[in-house]
Peer 1: 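This is the structure I have questions about; it appears just below.
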Amino acid sequence: MDFTTNIAYNISDDEFEDLSNLLASRLNGNEIISFAKGTDGGKDGRRIGFSKDIKKWKTAGSKFIIQAKHTENPIASCSDNKFHGNRTSIISGEIEKIKQLKAKDELEYYILFTNRKYTGNADSAIRKDISSKAKVDIDSIEIIGIETINQLLSLDSNKDLVVRFNLNNQHIPFEFSDEEIKEVIVAFKTQLPIISKDIKREVDSLKYDYTHIDKDKKNEKNELSKEYYQNEILGRSLVEFDKIEQFLNNPVNEALKDSYFDTAHELNQIISIKRDNFNAFEELFIHIYKLVCDGSAVLKGSKRHVTTFLHYMYIECLIGKK
């Protein structure tokens, strides 16, 4: 099951710390570390490093150090520079703490729980960085990302934690059939060179139409910022809208048109249910974009069109409040 959104929004930093401590106390050394979709460095998962010497880590006592790093951003990643990659990152701060504990002989094993996405590449980079700078065996360092947390919480033995932290409250994952919209996007890119350049309306007149008071009201209802609307929708996507319209109205694309409207309908239902989990509406655009694009080889070179189609759905009132 996917508890990502509930962990981000429905529990506090302190509660996540409690959850992490309880999960750590239940590890047995046979766990598999799961990774997010995306660049995986040649691995989709791996056995927990502590399994190298189970007896030793089970008897480490107070030298088994647990850290918890909670974020309210449901699409945050361990690959973000804020988490790892510069001198002010979370991991840089943790390395200094580990060095101090190591110098005082108070650390043998280190485990960090985070509700961020964790890819195979991030796993290699972060653990190697900690190991080399803090002088700790890489198999004594573990990062538990949201994928592994979801996996652990799905075990029957941890159902009590799901109940205790109310993680099943209104639990409907933000998921939809993204294969259909991928097919539409790929076909659109393929047909772009032959789509008529004879745009029916000038861009300036389009901007006038789309800045009509009705759109201002729609943006207000949906809490879409004026800056995002002006810069991203009008400034970047608008010039593609007539091309999308011609693409969808082409008789040869009738099946793709049906897939497009099916996707929009499904998305709108999920957005209606999950809207309170996001602040500005543009966060939804980014979240959906990442759900569709992360780890997708078929969309290579076409990912920018995903955002354009989402903007078009919004402008046509297929998603969001009218």
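Position 1 is the first residue of the sequence, and the numbers go up from there.
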Peer 1: Looking at residues at least two apart in the chain, or sitting in another chain, which of them share a side chain to side chain donor-acceptor pair (under 3.5 Å) with S157?
Peer 2: none
Peer 1: Evaluate the criterion ring pair (Phe, Tyr, Trp, His ring centres under 6.0 Å) for residue pair F188 and F309; output intermediate values, then yes/no.
Peer 2: CA-CA 10 Å; F188 176 71; F309 267 82; 5.1 Å; yes
Peer 1: Do the side chains of N279 and E223 get nearer than 4.5 Å, heavy atoms only?
Peer 2: no
Peer 1: Any idea which heavy atoms bring F278 and P74 closest together, and the distance?
Peer 2: CE2-CG, 4.1 Å
Peer 1: With R47 as reference, evaluate N30, I33, D139 under the side chain to side chain contact (heavy atoms under 4.5 Å, CB included) test and give the passing residue.
Peer 2: N30
Peer 1: Salt bridge check: are E96 and R87 linked by an N-O gap of less than 4.0 Å?
Peer 2: no
Peer 1: Does L112 reach the side chain of I130, with side-chain heavy atoms less than 4.5 Å apart?
Peer 2: no
Peer 1: So that I can tick it off, tell me whether E254 and K257 are bridged by a salt bridge, with the cut-off set at under 4.0 angstrom between side-chain N and carboxylate O.
Peer 2: no
Peer 1: Would you mind reporting whether I181 and M313 have side-chain heavy atoms less than 4.5 Å apart?
Peer 2: yes
Peer 1: Tell me, please, which residues at least two apart from K82 pass salt bridge (Lys or Arg N to Asp or Glu O under 4.0 Å).
Peer 2: none
Peer 1: Main chain of K300, side chain of K303: is a donor-acceptor contact present, judged purely on distance under 3.5 Å?
Peer 2: no
Peer 1: Rounded at 0.5 Å granularity, tell me how far OG in S77 sits from CG in D294.
Peer 2: 8.0 Å
Peer 1: Please check if the side chain of S131 supplies one atom and the backbone of V136 the other of a donor-acceptor pair under 3.5 Å.
Peer 2: yes
Peer 1: Find the distance between CG (N268) and CZ (F261) and round it off to the nearest 0.5 Å.
Peer 2: 13.0 Å
Peer 1: Do E142 and R127 have side chains that approach each other closer than 4.5 Å (heavy atoms only, starting at C-beta)?
Peer 2: yes
Peer 1: I'd like to know if the side chain of T59 and the backbone of K55 have a donor-acceptor N/O pair within less than 3.5 Å.
Peer 2: yes
Peer 1: Quick check on E72: does its CD atom have over 12 non-hydrogen neighbours (other residues, nucleotides or ligands) under 6.0 Å away?
Peer 2: no
Peer 1: Stepwise, does the side-chain contact (heavy atoms from CB on, under 4.5 Å) test hold for N219 with Y314?
Peer 2: CA-CA 10 Å; N219 294 341; Y314 177 83; 2.6 Å; yes
Peer 1: Check the pair Y118 / I146 against side-chain contact (heavy atoms from CB on, under 4.5 Å), numbers first and verdict last.
Peer 2: CA-CA 7 Å; Y118 192 46; I146 189 61; over 6 Å; no
Peer 1: Is there a side chain to side chain donor-acceptor pair (under 3.5 Å) between T119 and N121? Walk through the geometry before answering.
Peer 2: CA-CA 5 Å; T119 65; N121 266 0; 5.9 Å; no
Peer 1: Taking the basic N atoms (NZ, or NE/NH1/NH2) and the acidic carboxylate oxygens, is any pair closer than 4.0 Å for R164 and D18?
Peer 2: no
Peer 1: Can you confirm whether the side chains of S92 and N86 place a donor and an acceptor under 3.5 Å from each other?
Peer 2: no
Peer 1: Do Y228 and H311 have side-chain N/O donor and acceptor atoms under 3.5 Å apart?
Peer 2: yes
Peer 1: Within the 3.5 Å criterion, strictly below it, is a donor on T71 or N73 matched to an acceptor on the partner's side chain?
Peer 2: no
Peer 1: Please report the interatomic distance CG(L19) to CD(E15), rounded to the nearest 0.5 Å.
Peer 2: 9.5 Å
Peer 1: Measure the spacing between CD1 of I233 and OG1 of T307 and express it to the nearest 0.5 Å.
Peer 2: 10.5 Å
Peer 1: Decide yes or no for F247 and Y260: does some side-chain heavy atom of the first lie under 4.5 Å from some side-chain heavy atom of the second?
Peer 2: no
Peer 1: Would a single hydrophobic cluster contain both F3 and L22, if residues Ile, Leu, Val, Met, Phe, Trp and Tyr are joined by side-chain heavy-atom contacts under 4.5 Å?
Peer 2: yes
Peer 1: Using a 3.5 Å distance criterion without hydrogens, assess whether the side chain of Q151 forms a donor-acceptor pair with backbone atoms of I32.
Peer 2: yes
Peer 1: How many angstroms lie between atom CG of L192 and atom CD1 of I244, to the nearest 0.5 angstrom?
Peer 2: 9.0 Å
Peer 1: Is I7 close to L167 at the side-chain level, that is, under 4.5 Å between some pair of heavy atoms?
Peer 2: yes
Peer 1: Does any non-hydrogen side-chain atom of F35 lie less than 4.5 Å from one of R46?
Peer 2: yes
Peer 1: Considering all heavy atoms of both residues, which atom of L256 and which atom of A187 are nearest to each other, and what is their separation?
Peer 2: CD1-CB, 3.5 Å
Peer 1: Is it true that K217 and E220 have a side-chain N and a carboxylate O under 4.0 angstrom from each other?
Peer 2: no
Peer 1: Report the distance from atom CD1 of I11 to atom CG of N6, rounding to the nearest 0.5 Å.
Peer 2: 9.0 Å
Peer 1: Between L153 and L23, is any pair of side-chain heavy atoms under 4.5 Å apart?
Peer 2: yes
Peer 1: Would K218 and K321 count as a side-chain contact (heavy atoms from CB on, under 4.5 Å) here? Give the steps.
Peer 2: CA-CA 7 Å; K218 177 179 174 68; K321 296 178 182 177; 5.8 Å; no
Peer 1: Would you kindly say whether E240 and T308 are connected by a side-chain donor-acceptor distance under 3.5 Å?
Peer 2: no
Peer 1: Is the Y289-F285 ring centre distance short of 6.0 angstrom?
Peer 2: no
Peer 1: Flag the pair D216 and K226 as a salt bridge only when some basic side-chain nitrogen lies within less than 4.0 angstrom of an acidic carboxylate oxygen.
Peer 2: no
Peer 1: Just do the side-chain contact (heavy atoms from CB on, under 4.5 Å) check on T114 and I90 with the steps written out, would you?
Peer 2: CA-CA 11 Å; T114 177; I90 290 171; over 6 Å; no
Peer 1: List the atom of N81, the atom of S89, and the distance in Å for their closest heavy-atom pair.
Peer 2: O-CB, 3.4 Å
Peer 1: Count the heavy atoms belonging to other residues, nucleotides or ligands that lie under 6.0 Å from CD of E266, then report whether that count exceeds 12.
Peer 2: yes
